[in-house]
Amino acid sequence: MPSRVAVVTGSNKGIGFAIVRALCKEFEGDVYLTARDEERGKKAVEDLEKEGLHPKFHQLDITNQKSIDNLQKYLKDKYGGLDVLVNNASIAYKVKDVAPFAEQAKVSVACNFTGTLDVCKALLPLIKPHGRVVSVASLAGTWALEKMSPERASKFKSPSLTETELVSLLEDFVNAASDGTHTEKGYPNSAYGTSKAGVIVLTGMQARDLKNDPREDILINACCPGYVMTDMSSHQGTKTPDEGAETPVYLALLPPNVGQPQGEMLSDKKIVKWR
Ligand code: NDP
């Protein structure tokens, strides 16, 4: 029988690396540290080997469809599916970054939202019964939903919103950012926040769609790791990466048949209301 298997995206450093560390200790099965850069990924595996842990490695760039397809085929051939997926990979511009907002919106949405969506499209069909999917979002995403105009927010929060409509909303945000009309159109002034709002809404939608799925007991949730000392936060923050990994790991290891949380956004292991 193939081993159980877990995959963590963007895990050569930061919170993703700490999630792999924790899963190596707590998950019964193979744990894949993935990275867009093979050298950085393999170095990270070596670092965990020095701690007596044995993650495996696979290359994955979430913005590259060929890379996603390669991982999908590998998992299908070697394991016949996937038990745990943690969507952790993301980028964030620093506050002082001088890149135009239009560029920040385009690049942030392409990686954080579209990249996560593309990984989900490829890997959710592989998730086995009792599988767990976690998308590391951010409270910046729930704040972005709060800062939208009521009309815009109601579109994001509509219980009947489809994936195609959500993709169109994010495209509309990027287009509005490029001509400077995003605030006029009711979007918040945060590229990162809006991309993470997309991930939170996507997670709710994916959980809703699982209701009609014959596979048993799959749970999918989003979370905020907290304010964590990593490269992304310029090593500011209140949590170590291991502490930041706690909520994502809790969701990745929810025991069989607990039934919930499902389609929620969590912070410090508690549900955050955003709808
Ligand atoms: P880091 O910047 O330290 O790490 C991000 C990781 O994502 C790196 O491994 C990076 O790889 C990888 N990555 C970026 N783009 C891609 C891509 N296209 N394909 C694959 N991997 C990619 O960030 P954190 O560890 O702080 O963040 C982890 C998660 O937590 C993110 O989703 C972030 O948004 C979220 N978060 C973090 C907070 C914090 O305070 N730190 C607060 C709230 C949420 P590379 O080394 O090659 O760049």
Side-chain angles (χ1 to χ4, degrees), residues 7-22 32-45 47-48 55 57-71 85-95 97 104 106-120 122-123 133-144 190-200 202-203 221-252 265-268 272:
V7 167
V8 184
T9 71
S11 47
N12 53 289
K13 67 179 185 180
I15 299 162
F17 180 79
I19 294 171
V20 170
R21 177 189 277 134
Y32 278 80
L33 184 154
T34 68
R36 57 180 163 178
D37 181 275
E38 192 146 337
E39 208 174 301
R40 286 198 285 274
K42 288 189 170 161
K43 164 78 175 61
V45 168
D47 290 345
L48 287 173
F57 176 73
H58 202 286
Q59 193 274 346
L60 177 66
D61 180 340
I62 69 164
T63 60
N64 182 317
Q65 191 60 48
K66 193 165 181 310
S67 168
I68 296 172
D69 292 344
N70 285 344
L71 177 63
L85 169 64
V86 182
N87 291 305
N88 167 79
S90 265
I91 52 127
Y93 285 81
K94 306 285 181 209
V95 176
D97 199 305
Q104 298 199 18
K106 190 173 173 196
V107 174
S108 303
V109 168
C111 181
N112 304 350
F113 173 72
T114 312
T116 301
L117 172 64
D118 289 343
V119 170
C120 287
L123 300 190
V133 179
V134 185
S135 290
V136 183
S138 170
L139 285 177
T142 53
W143 297 332
S190 166
Y192 175 78
T194 307
S195 71
K196 292 294 192 178
V199 172
I200 294 166
L202 177 69
T203 303
N221 290 287
C223 66
C224 179
Y227 188 25
V228 185
M229 293 171 260
T230 63
D231 286 350
M232 186 176 279
S233 63
S234 304
H235 296 270
Q236 302 296 302
T238 54
K239 291 185 180 184
T240 64
D242 288 330
E243 288 165 345
E246 283 175 15
T247 297
V249 170
Y250 158 75
L251 290 170
M265 167 69 182
L266 286 90
S267 177
D268 286 329
V272 179

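Order of appearance sets the numbers: ligands from 1, and atoms from 1 within every ligand.
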Q: Return yes or no for this condition: an N or O of Ser233 is under 3.5 Å from an N or O of ligand 1.
A: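 No, no N or O pair falls under 3.5 Å.
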
Q: Give the residue, atom name and distance (to 0.1 Å) of the protein heavy atom nearest atom 9 (O) of ligand 1.
A: Asn12 OD1, 2.7 Å

Q: Mind listing the closest non-hydrogen atom pair of Val107 and Tyr93 along with its distance?
A: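 Distance-wise, the nearest heavy atoms are CB-OH, 3.2 Å.
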
Q: Go through ligand 1 atom by atom and flag the ones less than 4.0 Å from a non-hydrogen atom of Gly14.
A: 3 (O), 25 (O)

Q: Which protein heavy atom lies closest to atom 28 (C) of ligand 1, and at what distance to 0.1 Å?
A: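 Minimum-distance protein heavy atom for atom 28 (C) of ligand 1 reads Asn88 OD1, 3.1 Å.
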
Q: Minimum heavy-atom separation for Gly10 and Asn88, please, with both atom names.
A: O-ND2, 2.9 Å

Q: Between Ile62 and ligand 1, is there a nitrogen or oxygen pair with a distance under 3.5 Å?
A: yes

Q: Over all heavy atoms of both residues, which pair between Leu48 and Arg21 is shortest? Give the atoms and the distance, please.
A: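 Scanning both residues, the minimum pair turns out to be CD2-CB, 3.9 Å.
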
Q: Determine the minimum heavy-atom distance between Ala144 and Ala197, stating which atoms define it.
A: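 Taking Ala144 first and Ala197 second, the nearest heavy atoms are CB-CB, 4.2 Å.
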
Q: If you have a sec, work out which protein heavy atom is nearest atom 24 (P) of ligand 1 and how many Å separate them, to one decimal?
A: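 Protein heavy atom with the smallest distance to atom 24 (P) of ligand 1: Thr230 OG1, 3.6 Å.
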
Q: Write out the residue and atom name of the closest protein heavy atom to atom 12 (C) of ligand 1, then the distance separating them to 0.1 Å.
A: Gly10 CA, 3.7 Å

Q: Please could you name the atoms of ligand 1 that Tyr227 approaches to less than 4.0 Å, counting only its heavy atoms?
A: 40 (O)

Q: Which ligand 1 atoms are under 4.0 Å away from a heavy-atom of Leu60?
A: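 Those atoms are 19 (N), 20 (C).
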
Q: Atoms of ligand 1 less than 4.0 Å from Val136 heavy atoms?
A: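 Reading through ligand 1 atom by atom, the close ones are 29 (C), 30 (O), 32 (O), 35 (C).
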
Q: Determine whether Pro225 and Val136 make a side-chain contact, defined as any pair of heavy atoms from C-beta on separated by less than 4.5 Å.
A: yes

Q: Below 4.5 Å, heavy atoms only, C-beta onward: do Asp118 and Gln65 meet side chain to side chain?
A: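 A side-chain contact under 4.5 Å exists here.
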
Q: Using a 4.0 Å cutoff against the non-hydrogen atoms of Cys111, which atoms of ligand 1 qualify?
A: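 In order of number, 15 (N), 18 (N).
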
Q: To the nearest 0.5 angstrom, please state how far the CZ atom of Phe17 sits from the CG atom of Asp242.
A: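 Going from the CZ atom of Phe17 to the CG atom of Asp242 covers 9.0 Å.
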
Q: Among all the protein's non-hydrogen atoms, which is closest to atom 21 (N) of ligand 1, and how far away is it?
A: Ala89 CB, 3.4 Å

Q: Is there a side-chain contact between Tyr250 and Leu266 (heavy atoms, below 4.5 Å)?
A: yes

Q: Out of Ala44, Ser67, Ser267, Ser90, who is nearest to atom 14 (C) of ligand 1 when you count heavy atoms only?
A: Ser90

Q: Just jot down the ligand 1 atoms closer than 4.0 angstrom to any heavy atom of Tyr192, in number order.
A: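 Taking each heavy atom of Tyr192 in turn, ligand 1 has 33 (C), 34 (O), 35 (C), 36 (N), 43 (C), 44 (C) under 4.0 Å.
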
Q: Is the shortest distance from a heavy atom of Gly237 to ligand 1 less than 4.0 Å?
A: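 Under 4.0 Å: no for Gly237.
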
Q: Under 4.0 angstrom from ligand 1, any heavy atom of Gln236?
A: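 No heavy atom of Gln236 comes that close to ligand 1.
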
Q: Looking at Ile91, which atoms of ligand 1 are within less than 4.0 Å of one of its heavy atoms?
A: 14 (C), 15 (N)

Q: At what distance, to the nearest 0.5 angstrom, does CD of Glu243 lie from CD1 of Ile15?
A: 11.5 Å

Q: Mark up the atoms of ligand 1 that fall under 4.0 Å of a heavy atom belonging to Arg40, in ascending order.
A: 45 (P), 46 (O), 47 (O)

Q: Which atoms form the tightest heavy-atom contact between Ile200 and Ala137, and what is the distance?
A: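 Taking every non-hydrogen atom into account, CG1-CB, 3.7 Å.
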
Q: For Ser138, is at least one N or O under 3.5 Å away from an N or O on ligand 1?
A: no

Q: Write out the residue and atom name of the closest protein heavy atom to atom 42 (C) of ligand 1, then the distance separating them to 0.1 Å.
A: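 The closest heavy atom on the protein side is Gly226 O, 3.1 Å.
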
Q: Do Gln104 and Tyr192 make a side-chain contact, defined as non-hydrogen atoms from C-beta onward lying under 4.5 Å apart?
A: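 No; the side chains remain at least 4.5 Å from each other.
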
Q: Test your reading of the structure: does Ile15 have an N or O sitting under 3.5 Å from an N or O of ligand 1?
A: yes

Q: What is the closest protein heavy atom to atom 23 (O) of ligand 1, and at what distance does it sit?
A: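 Protein heavy atom with the smallest distance to atom 23 (O) of ligand 1: Met232 CB, 3.4 Å.
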
Q: Name the closest protein heavy atom to atom 48 (O) of ligand 1, giving the residue it belongs to and the distance to 0.1 Å.
A: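 Closest protein heavy atom to atom 48 (O) of ligand 1: Arg36 NH2, 2.7 Å.
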
Q: Do ligand 1 and Asp37 have nitrogen or oxygen atoms that lie under 3.5 Å from each other?
A: no

Q: Looking only at heavy atoms, which two atoms of Asp231 and Lys94 are closest? And how far apart?
A: O-NZ, 2.5 Å

Q: Check each heavy atom of Met229 against ligand 1 and say whether those closer than 4.0 Å belong to the side chain, the backbone, both or neither.
A: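 The answer is neither.
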
